[in-house]
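Numbering starts at 1 and runs along the sequence shown.
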Amino acid sequence: QVQLVESGGGLVQAGGSLRLSCVASGSIFSINAMGWYRQAPGKQRELVATIISGGRTNYADSVKGRFTISRDNAKNTVYLQMNSLKPEDTAVYYCNARLYNTALRVGDYWGQGTQVTVSS
């Protein structure tokens, strides 16, 4: 069993900041990549940012320069620092991890999601 638990969502005014955290736990052998996705009402889930084990990052164009993804490998934790938030950033944010479990099977795992609401 592998669990991903997000925290840090909430309500913030436009221009404000939030920091999301996601901890992966359970039967984990190694984590290849972690990332954040989001889904706004009536829209498809979209990539926000990813970070691989070597530290290379990838961002959606819409968040470049405003969001920063980072990772603590020792704690199996990924963070998303979100600055200069806009109302269009309002969505449920989901944590994702691509990892090998202790049976050495690779798979994608998801958290339950955390709501981020940005008021204008």
Side-chain angles (χ1 to χ4, degrees):
Q1 290 275 1
V2 174
Q3 299 84 36
L4 273 63
V5 178
E6 302 108 333
S7 60
L11 173 64
V12 65
Q13 288 188 333
S17 298
L18 283 175
R19 188 191 193 211
L20 306 183
S21 300
C22 172
V23 180
S25 64
S27 304
I28 298 170
F29 178 75
S30 67
I31 300 178
N32 291 358
M34 299 187 80
W36 292 93
Y37 292 72
R38 67 186 182 187
Q39 188 167 18
K43 295 187 177 181
Q44 290 188 330
R45 190 174 297 189
E46 63 177 3
L47 169 74
V48 177
T50 59
I51 183 167
I52 65 173
S53 57
R56 189 171 66 185
T57 58
N58 181 49
Y59 294 93
D61 288 342
S62 59
V63 307
K64 283 181 180 177
R66 300 188 298 121
F67 292 10
T68 302
I69 189 170
S70 61
R71 181 172 163 182
D72 186 332
N73 292 328
K75 296 181 179 179
N76 288 341
T77 300
V78 65
Y79 306 96
L80 186 68
Q81 178 66 43
M82 304 185 294
N83 299 328
S84 302
L85 282 160
K86 304 175 181 180
E88 50 264 43
D89 294 318
T90 296
V92 177
Y93 284 70
Y94 296 91
C95 176
N96 168 268
R98 174 159 291 184
L99 58 85
Y100 283 91
N101 62 19
T102 51
L104 299 183
R105 294 181 185 272
V106 66
D108 278 310
Y109 295 84
W110 295 89
Q112 80 286 354
T114 185
Q115 177 70 46
V116 171
T117 303
V118 185
S119 63
S120 57

Taking the side chain from R98 and the backbone from N32, do they hold a donor-acceptor pair closer than 3.5 Å? no
Show your working on side chain to side chain contact (heavy atoms under 4.5 Å, CB included) between Y100 and V106 and close with a plain yes or no. CA-CA 4 Å; Y100 283 91; V106 66; 3.7 Å; yes
Verdict with reasoning, N73 to R71, per side chain to side chain donor-acceptor pair (under 3.5 Å): CA-CA 6 Å; N73 292 328; R71 181 172 163 182; 2.6 Å; yes
Hydrophobic cluster (4.5 angstrom, side-chain heavy atoms) - remaining members for V23: none
Taking all non-hydrogen atoms of both residues into account, name the closest pair between N83 and Q81 and its distance. OD1-NE2, 2.9 Å
Side chains of R38 and S62, heavy atoms from C-beta outward: is any pair under 4.5 Å? yes
If every non-hydrogen atom of T90 is compared with every non-hydrogen atom of A40, which pair is closest and at what distance? O-CB, 3.7 Å
Is there a side-chain contact between D72 and Y79 (heavy atoms, below 4.5 Å)? yes
Check whether E6 reaches the backbone of G113 with its side chain - one donor and one acceptor, N or O, closer than 3.5 Å. yes
The reported gap from OG1 in T117 to CG in L11 (rounded to nearest 0.5 angstrom) is 6.0 Å
Group every Ile, Leu, Val, Met, Phe, Trp and Tyr by side-chain heavy-atom contacts under 4.5 Å, then state whether W110 and L47 land in the same group. yes
Rounding to 0.5 Å, atoms NZ (K86) and OG (S120) come to a distance of 14.0 Å
Between S84 and S17 the two heavy atoms that sit nearest each other are N-OG, 4.4 Å
D61 and K64: salt bridge (charged side-chain N to carboxylate O under 4.0 Å, His left out), yes or no, with the steps? CA-CA 5 Å; D61 288 342; K64 283 181 180 177; 3.1 Å; yes
Looking only at heavy atoms, what is the nearest atom pair of V92 and Q115, with distance? CG2-OE1, 3.2 Å
Could you identify which residues cluster with V116, counting Ile, Leu, Val, Met, Phe, Trp and Tyr as linked when any side-chain heavy atoms lie under 4.5 Å apart, either directly or through a chain of such contacts? V2, L4, V12, L18, L20, I28, I31, M34, W36, V48, I51, Y59, V63, F67, I69, V78, L80, M82, L85, Y93, L99, Y109, V118
Spatial distance of atom CD (Q1) from atom OG (S25) [nearest 0.5 Å]: 10.0 Å
